[in-house]
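Worksheet: the structure to be examined is printed underneath.
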Amino acid sequence: METLMAFTVGGLFSAAIYMMLRRSIVKLVIGLVLLSNAANLLLFTQAGLLRGAPPLVPKGATQPTGVVADPLAQALILTAIVIGFGVLAFAVVLIHRAYEVVKADDMDQMKDTDT
Amino acid sequence: MVTELLMEILISFFLLAGVGFIFVAALGLLRMPDLPIRLHATTKAGALGGGLLMIAVGLESFGDVAVAAKAAAIIVFLVLTGPVAAHLIGRAGYFVGVPMWSGTIKDELKGRYDHKTHTLMSPPGLSRTRDEQSD
Amino acid sequence: MNSQFALQSLILRTAAHFLLPLLLIFSVFLLLRGHNEPGGGFIAGLVAASAVALYMFAVDVRSAKRVLRFEPRDLMGWGLLVGVISGVPAVFVGQPFFTSQWLELKLPLLGELKVGTPLLFDVGVYLVVIGAVLLILLSLAEAEGKTDHHHGGG
Amino acid sequence: MRLEVALPVIIPLFFGALTLTLWRWRMAQRVATATGTGLMLLSALWLLAATWQDGILVMHMGDWQAPFGIVMVSDLLSAIMVVLAGISGFATAVYSLTSMSKRHEAFGYYPLLHLLLAGVNGAFLTGDIFNLYVWFEVMLVASFALLILGGERAQMEGAIKYVTLNLVSSAMLLSAIGLLYGLTGTLNMADIAEKLTYAEDPGIITVIAMLFLVSFGIKAGAFPFFFWLPASYHTPQVAVSALFAALLTKVGVYALFRVFTLIFTQDVAYTHGILLWVAGATMLTGVLGAAAQYEFRRILSFHIISQIGYMIMGLALFTPLALVGGVFYIMHHIIVKANLFLVSGLVYRLKGTYELKELGGMYRSHPMLALLFLVPALSLAGMPPLSGFFAKFILIRAGVEAEAWWIVGVALVVGLLTLYSMMKIWAEVFWKAQPEEHANRSAHGSAGSGVLYLTIGGMAALTVFIGLGAEPIYRMADAAAHQLLNPSLYIDAVLGERQ
Amino acid sequence: MGVLLAVLSGFVIAAVAPWVHRGLGRHGGWVLAALPAALFIYFASFLPGLGEAEGGRFILEYDWIPSLGIQLSFLVDGLSLLFALLISGIGFFVVAYAGRYLEGHRDLGRFYVLILAFMASMLGLVLSSNLISLFVFWELTSITSYLLIGYNHEDAKARKSALQGLFVTVAGGLALLTGLIMMALVGGSYELHELLTSGDIFREHDWYMGILLLVLLGCFTKSAQYPFHFWLPNAMAAPTPVSAYLHSATMVKAGVYLMARLNPSLGGTEAWMLLLGLFGAVTMFVGVFLSLRSTGIKQLLAYSTVMALGTLTMLIGVGSETAMLAAMAFLLAHSLYKGALFLVAGILDHEAGCKDILQTGGLRRALPVTTAFAGLAALSLAGVLPALGFVAKELLFEAVLEAPALAGLLSILAVVSAMMVVAVAAIIGIRPWYGPRADTPKRPAHEAPPALLAGPVVLASLGLLFGLGAGWVDQGLISWAAAAVYGAPVSPYLSLWHGFNLPLLLSGVSLALGLLLYLNWERFRRFTGFMEVANRYGPEAAYEKSMSGMVWLSGWQTRVLQNGYLRYYLLTILVSTVGLVMVTLFTRTDVNIDLDLSGILVHEAFIVAVLLMAALVSVTTRSRLGAVASLGAVGFCVALIYVLFSAADVGITQVLVETLTVIMLVLVLFRLPGFLGLTPMALRIRDALIALAVGTMMAVLKLAASTTQYADSISDYFIQESQPSGYGRNIVNVILVDFRALDTLGEIVVLALAAVGVYAMIKFRAEDRK
Amino acid sequence: MLEFSIFIAYTVLGVSLVLIFFRLVLGPSLPDRVVALEMLATLTVGFIAVYTLSSGVTAFLDVAMVLALTAFLAAVGFARLIAKGGSQDGD
Amino acid sequence: MIGPLASNILLALVWMGLTGSFTGTNLFIGLVLGYLILGSALRDQPGFATYASKIPKAIRFIGFFIKELIRSNLKVAYDVLTPTYYMKPGVIAFPLEARTDGEITVVANLISLTPGTLSLDVSSDRKVLYIHVMYLEDEESVIESIRYMEYRALEVLR
Ligand code: NA
Ligand code: NA
């Protein structure tokens, strides 16, 4: 499974990066969504994969029975997802506004600030 | 013993029926020739498939009433939201002119929608079968 | 202007009237049991925000705001304040910030109830999530009405 | 339990939340901002004093024992950084109270300011690598919002680059943390360091170190990752630029210092050798970038980059003295760069433009301002006896001691070119006569500039003090470097002494 | 505290000078000049005790930055006293002179500030014993000098000259700093008085050549040695009192001072001798040659200063006892006559409006006193008996004739230069005053006022007096100074008359030929007109070229690197990252990657396949909404993976976030145009390859990291403690709200910040501002 | 028997996933894709049901519950976009 | 028709179902929550919620509905799974009996879930429901069966 997930993560990173290298700002945003998914998935798989063993303590017990998936990694991903969502919301509106002021969906029209 | 086996058979039945209907919905989605017909497939078969699967889960229940309740709730939610979504997508597709299958034999909706005012007229001469009350 | 935002669908609108309370109660449910089952402030907040978003699409932006009763900004502020403050009581009993403080309440009708600052914290999370998501969505929705007005359709 | 370790984070968080709830009441927000940043500065000073006195301080947040819960750790580097954040935050706040437009205030400037500071202080104080990521994000998103506040086209364009590149950095950081967590099973930096001490075959750690290097390198604005900085730093309100210039890249530098002294010390010859090249290239590209510019804040922006190079040089040489130099340089630079941006803001306020070609005549018309520019400008260029001279002196001496001749050469040349840029500004803005065709531009006149002068003057005084009174500052940097070079101090403080 | 106070008093008085000026008006100059006068007396008071002092010097130390070895320590010996007396003495006349010369100038107040600060810096420089505090004062003189050269700051040429001077001297200064640091590291101390006795350590150290070159670079630039001499004449853009003070008598001698000072430590080697001897001699010759080519009065004097600086350098290089005596005598003579002549040049400008020698003539009637003392100073310049200049020249010839190396070359250059100096002296001493009355821009109505005359009168007179009393001067200051430079006591040798010898002969020859040259001055200028061509390729041109080259390089680099294209920024970053990671992976580890595809369930494979295909579709589709829908599919698949691998909360969150993301995108995309195919195929292939490289890197990293695990995860603790200590059965949630609540707090802050940002972006539009 | 049924169920769901995905890719119109996305949510509910049966862990039903209740919001958003005429880029 | 009280009780029941805890305490919590949510969310909608009055009718209707659902699905499944298309689709206008928003919505959704019919939209005057029908060989019988279902549904609702 590790290998398959490595391919998955690699594929997602590739797709994200390719989109971010486009001139179109819309594609940029799509790249950002993919990027955040890729990083989260990497974090998830890196903590080890376990089927059907959610980190929950049964009612009345003080500890889960048997081995459970790594709760810490899950908590981290949750945090990362939320952060990614906030950042993405910002980015989406940013390109929206950029499009409104520049009136073109083309990064090449947005290089005045640099040179 | 017997009840357990019976239960297992029952669950398997619902399980396979459920995934069968989901498969039908998926295949219908792929195979059917136009948007509304695909919607037919997904709305009905999807809801039914999901419902049957949840019945299977509810039957198993793992000795927990809450599980059955959850399964029931999921069925309710699917039934509640599916048709609404279908209606929205279907009419949106229709109004923006997504082409219908060539085999379509009748279209009473044609020309009734005013894109500017977003009003949908009822067909002329069509009145309610019973006496109208003030509306 | 804002009414233009919503989908003009009787079916959706009616469904939304029905789904809104359902989703909201669902969100409270997710919030309160999150400590023991899947759920928690963040998920609950998202569900609640989705409910209002649905209302926004189905009815109109103004009604959605009325449903919320508070400005999303204020919800966010209060939520954040609750979140921060929930970490403070520990200091007064000589423990580090965010050390959980639990209270065993014996209520006449409800029996024993364990209430702690982590739950308070989760409520803060809940409020912030609702406020933030809706601030984003409602602003976007309002902006659309505005630009429609100014520049015409896209 | 040491309360003071967490206070510099809790206070701005609290005031950030408070100002959010006070959204509609402008005056209340302003009062809260002045109070909040002031309290934050005081708590930072308290923390520094306590850390100086008692050594590395730790607060186990939530009272969970060390590798499990999140710890806030204050060693001298952290405490120094927090004080610097306090100073620049307070100065910016005071400056903002006068200079910020009502619209900016109405759209969340103050909450953003507080929360940005919370993120910065959080990043400085946390002892947990994932928590570091979180604070980085807090700081970043706050900076995103501050960057676009105003809605000008240039802000949007700059922000797109800023946001995108920083998100790439964040994704890399997150991935790197994931990989590191997979390897060590822990997030507590001290714990990671300790586990890696006994690790066999740590080659893979060096690989992951490269990801950290790139990620923090982007945030620090190092070569070849700095592009977002000159693209955006000159676009927002000047108080915002000043705060960014003072703090944001330094958080990246701090993170580099932290992980490359505490965690990634398995293969110093290799990792720090790469850092040294990064440092040299950063200095050169930054300073060269500035030479062609003719906009006040753009020049300053490019110089942030070149100055970052010096700080990284201190880390890369990795000798006690070099680290002292790096820490000293950070202290000097935060004060000076913020000050220069604030000066540019005052110039803008008086003249309505940042273009050197359109400016002039201010030596005659505003001699006080001229002096207040000259102090940080010469300090930035490393002229004695100001703070920048001693910062460069320590680094060059460290370089000479290490016989790293080329980096010494680069550091010297870059110092010279910095002087060139600063004197260009001086000649164009202050000495040159006001060009006739731009004579009648004026943005705000001079209303309310008394407070601004006071802020700038205070910062300039600090610069002079760090120079003339370099002894205590040096001793502090020296002690900080000592802690950095002895990670066991940090580890023992966090995890407790064990056999 | 005395010396420290003496040095710092200049800064203190400088700080209040504008108020003194404002309060006292035209008398301000005299009042402020009291400070240098007092300082002069103070320093003079050291003289009687110096002979008895231990080692012929006083050492005073004050703590500054002891941890760094940086102290405010002062070394008072013959050398530093000679300089301190010159600085304070000439300073007195210059300040008084400036009060009158710049009377009514709107920036006079700031002028006092700068000139007094400069004086203090200069005193600090020559008195410092600590290398670093010496350097601090060294750079302070550069900065104050910069501000003084640019005094007429609205004049573009003044600004340019100021920058040139600053740039050249600071560049050298930085080299010097490195050299000094190296010296301190080798010698184990920053204190000159400790280093001066450890010359052998330096001379035998590997770093010797490096130290030497770096230190000399600093000294040569500061003291305008060829090829760094060009900034000095340009510095004449400064007001005349500045030229008189900084660019003849004091600051430019700082380099000479330092070479002299370090002679005991670094001198005495062949390299030292050759470098100083050659550069000094060439500078000497070039200086006087260019001086003769000039007609601008200040230019002419400036180039002759270059000559003098070269001479001093050469003498220090020669290094013999005689040479050191010659150097100190020459230093004193030059300061006196050059100070006087510059002040005279100022009078010519002030009274007659003349800046060019060709504008002048026959002014002796209008300015009789000036004429007399200009003549007196010129005599010393020319080295005519009995002026101090004569004594110095005699010693100079003697020193070069006996030079340990290059004696022939140095002697020839010295004689030729001396001859030309005589011509220069005649030009300034005769040309303006005698002959027919020229039509000057301003007609001088009367002799210059006392404030202007005081300097020339006193300084020129001193030149004569010291010549006449050469032996007396020699017994005192000069020999002490020479001893400090030589590093050992020198036998007194200085006197007006040494009898008929070769030096005297050479002196006479140079005098005669010099006068001849003066008579043929015009012809000389015409013959040497070709030099204009040489100038185009000279050091100054090289400086200009390198400056414009630097600006060009800067522009080029910015165009290439900071080109405004986000994707190239990304590309650069990504390619660097892949390079760094891959190189590290292959060089620092034994890469060990297991491709293990066992244990995959069918549906998981389906999900992953669809996930990847959906990602591919979102990348390749030409429909942006199709891309969004594909993103939705990616999101659902990721959610499924979370669910299938036991992450319930994450799954729910992913689903909700995915839904909200789609809604957000849909709300925004409404406004945006469709996808544009903006990039040609070749570039797309390049980008695809880079994207693949990044993806491969992450996959390889993930696999490589998967084979190693150094320790068990801390999450066992959470699993154990969640219920007992956190009172919650959902371990993930307990982590979120309790174990790691701080993360969650940060996370909601991020969310709130993003929302505020979005709100501000949407509601706060620049275009709405009417 | 149940185990075998579960295996069949998983496989059928996997195949269905691919089928739905093809509709998502093929379109041809945006509403078609939206239908596919909507179906994907239902399919995910199905996956969770089978997963619950196979693992005996009921916690994931909560995911299904949330999905069933909120996933159609995306469809609502899309529908609105289509209705407002926002899909004119060759969808 | 049933009024807010019933809605409240209903929500409380939903709550108990969700939490899976059928205790008095939980009922109380559910009632309070339901009250709060209804009070805050739907304060502009007095008299909303006109469903579930007649439990027996409802149960009977559910049985009928499930039968229809399965029937419709088998028909569609057959068409989907067999290679040739048997359908004769078309859009018809169905005059509505249902009046209130709630009625119309329930009817429309039920129609979407039952044999070969899919509600597309309600006319703006709310008199007509446009329905996409899959097997439109005999329009009259289709309309008749729809009307029957509407009748049974309204029976429960009114
Ligand atoms: Na979290
Ligand atoms: Na139907």
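Because the structure is a prediction, the values reported are computed rather than measured. Naming: A, B, ... by sequence-line order, numbering from 1 per chain.
- Residue B/Ala41: no heavy atom, backbone or side chain, is found under 4.5 Å from chain F.
- Residue pairs meeting the side-chain hydrogen bond (donor to acceptor under 3.5 Å, both in side chains) criterion with at least one partner in residues 76-89 of chain B, sequence neighbours excluded, are B/His87-C/Ser9.
- The nearest pair of heavy atoms linking F/Arg23 to B/Met32 is NH2-O, 4.2 Å.
- Among pairs with a residue in residues 20-46 of chain F, none fulfils ring pair (Phe, Tyr, Trp, His ring centres under 6.0 Å), at least two apart in sequence or across chains.
- Your options are F/Ala71, F/Ala68, F/Ala79, and the one with the most heavy-atom pairs under 4.5 Å with chain B is F/Ala68.
- Between chain F and the options B/Ile9, B/Leu80, B/Ile22, heavy-atom pairs under 4.5 Å are most frequent for B/Ile22.
- Residue with the most contacts toward chain B among F/Leu2, F/Ile48, F/Ile20, F/Leu26: F/Leu2 (heavy-atom pairs, distance under 4.5 Å).
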In sequence, state the C-alpha distance, the side-chain angles, and the governing distance for F/Val35 and B/Leu35, and then conclude on side-chain contact (heavy atoms from CB on, under 4.5 Å).
-> CA-CA 8 Å; F/Val35 181; B/Leu35 177 68; 3.6 Å; yes
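- Comparing B/Ile89, B/Leu53, B/Leu39, B/Leu88 by heavy-atom pairs within less than 4.5 Å of chain F, the highest count is held by B/Ile89.
- For the set F/Ala9, F/Ala36, F/Ala64, the entry with the most heavy-atom pairs within less than 4.5 Å of chain B is F/Ala9.
- Of the two parts of B/Met7, neither the backbone nor the side chain holds a non-hydrogen atom closer than 4.5 Å to a non-hydrogen atom of chain F.
- If you take CZ on B/Arg91 and CD1 on F/Ile82, they are separated by 11.0 Å, rounding to the nearest 0.5 Å.
- For B/Ile75, no part lies under 4.5 angstrom from a heavy atom of chain F.
- Close approach to chain F, defined as a heavy atom under 4.5 Å from one of its heavy atoms, is seen in B/Ser12, B/Leu15, B/Leu16, B/Val19 of residues 12-20 of chain B, taken by number.
- Distance check, rounded to the nearest 0.5 Å: OG1 of B/Thr43 to CE of F/Met39 gives 9.5 Å.
- With rounding to the nearest 0.5 angstrom, the CZ atom of B/Arg38 is 15.5 Å from the CD atom of F/Glu38.
- Expressed to the nearest 0.5 Å, how far CD1 of F/Ile6 lies from CD1 of B/Ile11 amounts to 9.0 Å.
- Of the inter-residue distances, the one linking B/Glu60 atom CD with F/Thr52 atom OG1 reads 10.0 Å to the nearest 0.5 angstrom.
- In this structure, B/Ile74 CD1 and F/Asp62 CG are separated by 8.0 Å, a value rounded to the nearest 0.5 Å.
- Proximity to chain F at a heavy-atom threshold of 4.5 Å picks out B/Phe23, B/Ala25, B/Ala26, B/Leu27, B/Leu29, B/Leu30 from residues 23-30 of chain B, in numerical order.
- In terms of heavy-atom pairs under 4.5 angstrom with chain B, the leader among F/Leu61, F/Val76, F/Val34, F/Thr42 is F/Leu61.
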